[in-house]
Amino acid sequence: MDGIMNKLRNLDAYPKINEDFYSRTLSGGIITLVSSVVMLLLFFSELRLYLHAVTETKLVVDTSRGETLRINFDISFPALACSILSVDAMDISGEQHLDVKHDIIKKRLDAHGNVIEARPDGIGAPKIEKPLQRHGGRLEHNETYCGSCYGAEVADDDCCNTCEDVREAYRKKGWALSNPDLIDQCKREGFLQKIKDEEGEGCNIYGFLEVNKVAGNFHFAPGKSFQQSNVHVHDLLAFQKDSFNISHKINRLAFGDYFPGVVNPLDGVQWTQEQPSGMYQYFIKVVPTVYTDVNGHTIQSNQFSVTEHFKGAEIGRLQSLPGVFFFYDLSPIKVTFTEQHVSFLHFLTNVCAIVGGVFTVSGILDSFIYHGQRAIKKKMEIGKFS
């Protein structure tokens with residue numbers, strides 16, 4: 001038994017020295033104090049990294065199919081009234097959403113950007129007690145109202161009871177509504193008067209669009225849109241204006257839900273139009289992104305990059321549709337962010353490396369200073385130090 005204990009004692013890599021042989025120095029005390037502070041700082045830094053999750057980033061090919069893309073927007077137009085502003089969306093698959101109204105809210109703005117309270121419809125309109133019937137006569141008592149669509153009826157029993165109904169019927173036919181005052185419904189509702197009353201106002205429009213996950217565009221432009229000879233056009237004749245100011249401020253634009261660390265490059269961007277009219281275009285590259293937090297909760301979202309271009313038009317000749325256009329395309333590469341904690345063994349390994357590394361470096365430094373001082377002291381004693 002004693003032989004085994006002696007063999008184990010001989011394996012001791014840390015031989016002990018009698019305290020009587022220790023030589024303590026001022027430089028050694030200073031180095032010990034500094035190295036202890038460095039150890040503590042590095043330890044707390046490592047502890048902070050261990051307690052907080054780290055994010056791992058990967059790039060993979062996007063193999064998802066049949067998904068939709070949600071576009072959240074909040075845009076202010078200081079010189080376009082809400083009554084003439086419309087939203088359209090279309091993609092390369094041929095699907096179109098014209099004059100989108102659902103999930104979208106408009107707020108009228110005054111010249112200072114303050115929100116104006118909504119007013120009752122019909123203010124400023126001439127009061128007509130008996131609207132014009134489809135058959136040509138005026139509405140009488142005990143008679144159901146059925147307004148004319150002015151040639152845009154699809155079936156004989158179709159009725160257009162409001163100015164919006166007539167404009168929608170014309171849009172489906174691909175016709176432009178050149179003079180709303182000739183339409184009984186528009187005259188009765190004061191369509192042109194309402195536009196004149198809102199002259200000089202702005203509009204804040206916000207909401208979201210749900211579109212196919214393919215390349216496409218959505219745009220904000222004056223007038224009601226329709227297809228004419230397979231060309232997308234807007235009915236601008238009804239507003240009796242030669243130019244439109246499409247100055248705008250993008251308060252928020254996001255493709256998908258928010259996730260920690262996302263940066264939307266168009267948030268807060270403002271552009272002021274200096275030419276009489278034109279088309280402002282944003283070309284956007286959307287990158288699918290998946291964010292998984294430390295609890296395993298996954299957020300399917302997107303990031304994007306953008307470039308801009310303005311296409312001007314001459315006064316009185318609207319060569320290009322005035323409006324703000326967002327053309328987007330999807331990247332085939334998906335980015336995944338995964339939050340995860342550092343393992344305890346990894347933390348323990350780093351702590352040991354910190355303690356051992358600082359202890360070794362401080363020991364080398366102390367030995368260098370101690371032996372240097374002794375060498376200088378010896379030379380001074382024999383008078384060879386100069």
Sequence neighbours left out, what passes salt bridge (charged side-chain N to carboxylate O under 4.0 Å, His left out) with Asp329? Give chain and number order. Lys285
Tell me, yes or no, whether the heavy-atom count around [X] atom [atom1], taken from other residues, nucleotides or ligands under 6.0 Å, exceeds 12.
X: His52; atom1: NE2; result: no
X: Tyr258; atom1: OH; result: yes
X: Lys106; atom1: NZ; result: yes

Under the 3.5 angstrom rule, does the side chain of [X] hit a backbone N or O of [Y] as a donor-acceptor pair?
X: Asn302; Y: Phe255; value: yes
X: Asn295; Y: His297; value: no
X: Ser247; Y: Gln273; value: yes

Could you state the interatomic distance from CZ (Phe43) to CD1 (Ile354), rounded to the nearest 0.5 Å? 8.5 Å
When rounded to the nearest 0.5 Å, the distance separating CZ of Phe326 from CD of Glu308 is 9.0 Å
For [X] and [Y], which heavy atoms make the closest approach, and how far apart are they?
X: Leu85; Y: Leu80; answer: CD1-CD1, 3.9 Å
X: Val286; Y: Phe304; answer: CA-CB, 4.1 Å
X: Tyr282; Y: Val269; answer: OH-CG1, 4.3 Å

Can you find a heavy atom in the side chain of Met90 that is under 4.5 Å from one in the side chain of Leu98? yes
Residues 286-306 vs salt bridge (charged side-chain N to carboxylate O under 4.0 Å, His left out), sequence neighbours excluded, gives none
So, for Phe220 and Phe73, is the gap between ring centers shorter than 6.0 Å? yes
Salt bridge check, Asp103 against Arg70: does any charged N sit closer than 4.0 Å to a carboxylate O? no
Can you tell me which residue among Gln303, Gln300, Lys334 is in a side chain to side chain donor-acceptor pair (under 3.5 Å) with Thr289? Gln303
According to the interplanar angle, ranging from 0 to 90°, do the rings of Phe347 and Tyr50 count as parallel (below 30°), tilted (30 to 60°) or perpendicular (above 60°)? parallel
